[in-house]
Amino acid sequence: MNHFAYRAHQLFAEQVPLSAIAREVGTPTYVYSSATLKRHFRVLDQAFAQVPHLLCYSVKACPNLAVLHLFSREGAGFDIVSGGELERVLRADPDGAGKTVFSGVGKSEEELAAALNAGILMFNVESAEELLLLDRVGRSLGRKAPFAIRVNPDVDPHTHRHIATGIHTAKFGVAFAEAASLYRKGRRMRGLRPLGLDCHIGSQLVDAAPVRAAIGRVADLYGRLQGQGLGLRFLDVGGGLGITYREERPPSVEEYASAVFEPLRGLDTTLILEPGRVLVGNAGLLLTRVLYRKRIGQKQFVVVDAGMNDLIRPALYEAHHELLPVRRRRGAAVTADVVGPVCESSDVLARERRLTLPRQGELLAVMSAGAYGMSMASNYNSRRRPAEVMVEDRRFRVVRRRERRSDLWRGESP
Ligand code: LLP
């Protein structure tokens, strides 16, 4: 469910025609719908209402300050993976640290210290050596760092191989068998305080079975650790719930919630969730303009002004994003490759797509681009990263201006 819809053949974001945004802000531009973001947050929050829980929005999905601020007003916490994301959270919500969990396999000493100083809720520790370093950081700051061990539950999440994290060949977490001994060590260290247990099995999950299986394993371990008097309070089940890009049928939030609840069997804990894509994916689109059309042999190409530097998902994961004309009109359907301006043959936003051949200058909306769109954008080919716009009912505002040319060489010296 989102607030992008046609009215009299014009595509709108809430009450704003996308053509008005393109006219004022230019293209390519990411457009987010605040009503959709709020709705997604509330529906997910409601699905977990029957148990104590905290939704920690996974900042990496779309880290714009306006998005963080919106979720913070809804009562969200945050899931971060770097010191930079911590800075963003603090800018968007000066009290956000106490609701923030910090995951990632390669946290530096500096990042650990900054997060401990800021007073984050919990470190999701991913190796024995990280635990030792965190203890050292805790002792040198005279504090006990609250930690969870991120275990690798070793289940196949049935998703794209690049985003499967909870399988034993992935780099994430510690082996299940190693976790209990790390807690035993951790509880004796002066710079540490055991607080939770964490897992995350992957992203764009469209099947509830692996979620149930992973949480079953993790809930058992949590119960055993509790039996040893560790005093854990949080069970962090990660993020990963998928969305519909094309024909996927991911579990509804209610089905997802029951896949999480069932294996818990009344465990006394506060659940932490780290949703990213499900909150922002379908709440954002990438607005782009057609530059040229051409045929090479039998093949029709449509060249647009958004490239793989703006949205890398199709090139990196063979991801499918729907393409909608901003102004719908009659015309013969063709099969075309919709490509960007970047000098790489993988710069294809849509391959062999059936669409009404757009005219030069017409606008297209690349749908479901709210998650891992702008956050993975780069300056490749010395292209300025897009602007970002937040729509609120009849109004819209630029929440990140388009990069200026001088931003491209900021910090460089000839
Ligand atoms: N928690 C942890 C520890 C994660 O690694 C991730 C995502 C999340 C939460 C949020 O997952 P979500 O709810 O968004 O699925 N760039 C890829 C996705 C990478 C996901 C990385 N980790 C893509 O564009 O599909």
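First listed ligand is number 1; within each ligand, the first listed atom is number 1.
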Should E352 and K299 count as an ion pair when the cut-off is N to O under 4.0 Å? yes
For ligand 1, is any non-hydrogen atom under 4.0 Å from H200's backbone (N, CA, C, O), its side chain (CB onward), both, or neither? side chain
Looking only at distance, does S103 have an N or O less than 3.5 Å from an N or O of ligand 1? no
Relative to the ring of F41, is the ring of F71 parallel (under 30°), tilted (30 to 60°) or perpendicular (over 60°)? tilted
Measure D79 to ligand 1 on non-hydrogen atoms and call it side chain, backbone, both or neither using the 4.0 Å cut-off. side chain
Hey, is the main chain of D305 close enough, under 3.5 Å, to the side chain of T288 for a donor-acceptor pair? yes
Ligand 1 N/O within reach of G276 N/O, cut-off under 3.5 Å: yes
Considering both backbone and side-chain atoms of R150, is one of its nitrogen or oxygen atoms within less than 3.5 Å of a nitrogen or oxygen in ligand 1? no
Measure from atom 8 (C) of ligand 1 to every heavy atom in C62, G104, C56, S58 and give the option owning the shortest one. S58
Could you check whether any heavy atom of G240 sits closer than 4.0 Å to an atom of ligand 1, since that is the contact criterion I want to use? yes
Pi-cation contact, F102 with K107 (under 6.0 Å, within 45°): yes
One should read off an interatomic distance between D79 CG and H200 NE2, to the nearest 0.5 angstrom, of 8.5 Å
Ligand 1 contact on R313 by region, counting heavy-atom pairs under 4.0 Å: side chain
